[in-house]
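In this text the structure is predicted, and so the values were computed from the model without any measurement.
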Amino acid sequence: MITDALDARDFKYFEDADGDIGGNFQGNLVYFFRIGQQQEVLQVRTMVQHLFDMDAVPRLYEFCNSWNHDQLFPKAYVHVNDDGTVLVVGEVIADWEKGVTPEQLDQVMIAAIATSVQLATEVAELRQQS
């Protein structure tokens, strides 16, 4: 259903070696994970393309706290990579234990993508300030 929703909007996507579906949306890597005991939960996770150094972590925490206070989604958090670079990650989760229609899935996916791009735009502005 995830690839059907992406196909219906003519979005380009890929499937990685683990079978996870992802796409590049305005330079940001967005994954669509099915998680949960019966894979009934959709997790849309966005890795914002802008990288920071460790000195930016307090400022990024402040940004994410403010974003999470003011925005419904995606939930934003700071992630430190093994190489010491830092990025902001956005996450939208929908639990469909009782099932989902194609329309519901499309609505959540498009909202997750659009708001994740909005998050990335604001992170880019923060990056320009550093």
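- Note: Leu42 CG to Met109 CE = 7.0 Å, rounded to the nearest 0.5 Å.
- Looking only at distances, a side-chain donor or acceptor of Asn24 sits under 3.5 Å from a matching main-chain atom of Gly27.
- Note: Ile113 CD1 to Ile110 CD1 = 5.0 Å, rounded to the nearest 0.5 Å.
- Tyr61 and Leu126 fall within the same hydrophobic cluster, defined by Ile, Leu, Val, Met, Phe, Trp and Tyr side-chain heavy atoms under 4.5 Å apart, directly or through other members.
- Looking at residues two or more places apart in sequence or on another chain, you find no ring-ring contact (aromatic ring centres under 6.0 Å, His included) involving Tyr77.
- Residue Val41 is not grouped with residue Val30 when hydrophobic side chains (ILVMFWY) are merged at heavy-atom distances under 4.5 angstrom, including chains of intermediate members.
- Considering only residues two or more places apart in sequence or on other chains, Ala94 meets the side chain to side chain contact (heavy atoms under 4.5 Å, CB included) condition with Trp96, Val108.
- Hydrophobic cluster membership is shared by Val78 and Met54, with clusters built from Ile, Leu, Val, Met, Phe, Trp and Tyr side chains linked at under 4.5 angstrom.
- Tyr31 is linked by a side chain to side chain contact (heavy atoms under 4.5 Å, CB included) to Phe14, Asp16, Asp20, Leu29, Phe33, Met47, counting only residues two or more places apart in sequence or in another chain.
- For residues 22-50, no pair satisfies salt bridge (charged side-chain N to carboxylate O under 4.0 Å, His left out), with sequence neighbours left out.
- Considering every non-hydrogen atom in both Trp67 and Pro74, the closest pair reads NE1-O, 2.7 Å.
- Pairing each heavy atom of His50 with each of Ala124, the nearest pair is NE2-CB, 3.2 Å.
- A salt bridge (charged side-chain N to carboxylate O under 4.0 Å, His left out) check over residues 84-106, counting only residues at least two apart or in different chains, returns the pairs Arg9-Asp106, Lys75-Glu91.
- Screening residues 76-90 for salt bridge (charged side-chain N to carboxylate O under 4.0 Å, His left out) gives no qualifying pairs among residues at least two apart or on separate chains.
- The two atoms that bring Ile2 and Leu105 nearest to each other are N-CD2, 3.8 Å, heavy atoms only.
- Applying the side-chain hydrogen bond (donor to acceptor under 3.5 Å, both in side chains) definition to pairs two or more places apart or across chains, those involving residues 112-123 are Thr46-Ser116.
- Smallest separation of non-hydrogen atoms from Val57 and Val86: CG2-CG2, 3.8 Å.
- At least one donor-acceptor pair closer than 3.5 Å links the side chain of Asn28 to the backbone N or O of Phe25.
- Residues satisfying the side chain to side chain contact (heavy atoms under 4.5 Å, CB included) criterion with Gln104, sequence neighbours excluded, are Val100, Thr101.
- For Ala112, the side chain to side chain contact (heavy atoms under 4.5 Å, CB included) test picks out Val44, Val92, with sequence neighbours left out.
- Within 6.0 Å of the CD atom in Glu15, the count of heavy atoms belonging to other residues, nucleotides or ligands exceeds 12.
- Among all heavy-atom pairs drawn from Val88 and Cys64, the shortest one is CG1-SG, 3.9 Å.
- One hydrophobic cluster holds both Tyr13 and Met1 under the rule that ILVMFWY side chains link at heavy-atom gaps under 4.5 Å.
- The OG atom of Ser66 sits 7.5 Å away from the CZ atom of Phe63 when rounded to the nearest 0.5 Å.
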